Amino acid sequence: MNILIADKFPSRWAEELAKQGHKITSDPSLDENSLVGAIADEDILIVRSTKVPAAVIDAGKKLKLIIRAGAGTNTIDVKHAAEKGVAVCNCPGTNSVAVAELTLGLILALDRRIYHNTKDLREGKWNKSEYGKAKGLYGRTLGIIGLGAIGKEVAKRAEAFGMNVVAYDPNDKADDFRAAGVTPEPDIYTLAGMCDVITVHVPETPQTKGLFNKKFFDTMKDGAIFINAARGGLVVAKDLAEAVKTKGIKAGLDVYETEPKANDTAFDYSPYAGAENIYGTHHIGASTDQAQDAVAQCTVQIINEYAATGKFLHKVN
């Protein structure tokens, strides 16, 4: 089969596919526009963050399978793919540990103001009296919104820090919460008001887009920590920026409403620009060697299963 890899992908797994007799074309520079001219003869398309709109699917005359080398499929027109008879598969759970690790890293960094400590030291400033103030995580309450694979991994690590963990997830049953050692909370606004730290791990859907807005941030405790390492569209940026300014909210963000394309180096950080209590990373939640290897292995498994049986593992449409 002809396979187009339109994103970064571990070379050893691409080589493994080639050894199996597939024709591999790898071009991480492709975007939603250039993909239209590159997809015509491909049977399978592999993407990470590259968008796959209807125009790309229509141009893929031989296209049978799109694989999202990761979990979220909001960058792919899944409905249109189904209408065209193209399967969309993902790799759920494979990057969970990596995202959970970054989540705890952001929480710790905000609580202890690690960036500001480091910045001052590099400038030759010693300010122990200021940076010696921190709430600490032990005994604090963490609220997890979305108790899927990532949320469960966050819960494990938070419990190791001695935090009390509550979660909101309408899709999980009582047994799921018990198995994760987490207290269920059926209302996100009640959860917002009771937690010292809130972290978001839900997909972006029409129902969740903009869910974290003025109403939600107004309900949070003053000075609480808010983490979003899920999807940028979940948060109304101007409302979060206002809450940081007026309520002392501290925010750790790995994703944003609008992000640069793969080859861009400039980023419009507004409306967060100048906000001292917002720590940002470059959408790197899943970018560890361990996570990328697990995602690539899952991708190869999907292709192998399809080649052998015609069945689609982890099909979402």
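Computed from a predicted model, the values in this text were never measured in an experiment.
For F217 and F212, the ring centers are positioned 6.0 Å apart or more.
To the nearest 0.5 angstrom, N213 atom CG is 7.0 Å from L211 atom CG. The NZ atom of K247 sits 7.5 Å away from atom OG1 of T219, with the distance rounded to the nearest 0.5 Å. Between the CZ atom of R231 and the OG1 atom of T75 there is a distance of 7.0 Å, given to the nearest 0.5 Å. Here CD of E153 is found 4.5 Å from CZ of R157. Values are rounded to the nearest 0.5 Å.
When all heavy atoms of T299 and C91 are compared, the closest pair comes out as OG1-SG, 3.6 Å. Annotation for C298 and T94: closest pair CB-CG2, 3.9 Å, computed over non-hydrogen atoms.
The number of heavy-atom neighbours closer than 6.0 Å to CG of D222, taken from other residues, nucleotides and ligands shown, is above 12.
The pair D293-R12 counts as a salt bridge, with a side-chain nitrogen and a carboxylate oxygen less than 4.0 angstrom apart. Under the 4.0 Å criterion applied to side-chain N and carboxylate O atoms, K221 and D196 are assigned as salt-bridge partners.
The shortest distance between side-chain heavy atoms of W13 and I46 does not fall below 4.5 Å. Within the 4.5 Å cutoff, the side chain of F216 has heavy atoms near those of the Y189 side chain. By the 4.5 Å heavy-atom criterion applied to side chains, N117 and R112 are not counted as neighbours. With a 4.5 Å cut-off on side-chain heavy atoms, L240 and L253 count as touching. The closest side-chain heavy-atom distance from I5 to I24 is below 4.5 Å. Counting only heavy atoms from C-beta outward, the side chains of R48 and K8 approach each other to under 4.5 Å. Residues N95 and I150 have side chains in contact (heavy-atom distance under 4.5 Å, counting atoms from C-beta outward). No side-chain heavy atom of T50 sits under 4.5 Å from any side-chain heavy atom of L30.
In this structure, a donor-acceptor pair under 3.5 Å is present between the side chains of E16 and Q20.
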* From CA spacing to verdict: side-chain hydrogen bond (donor to acceptor under 3.5 Å, both in side chains), D58, H80 -> CA-CA 9 Å; D58 290 339; H80 190 73; 2.7 Å; yes

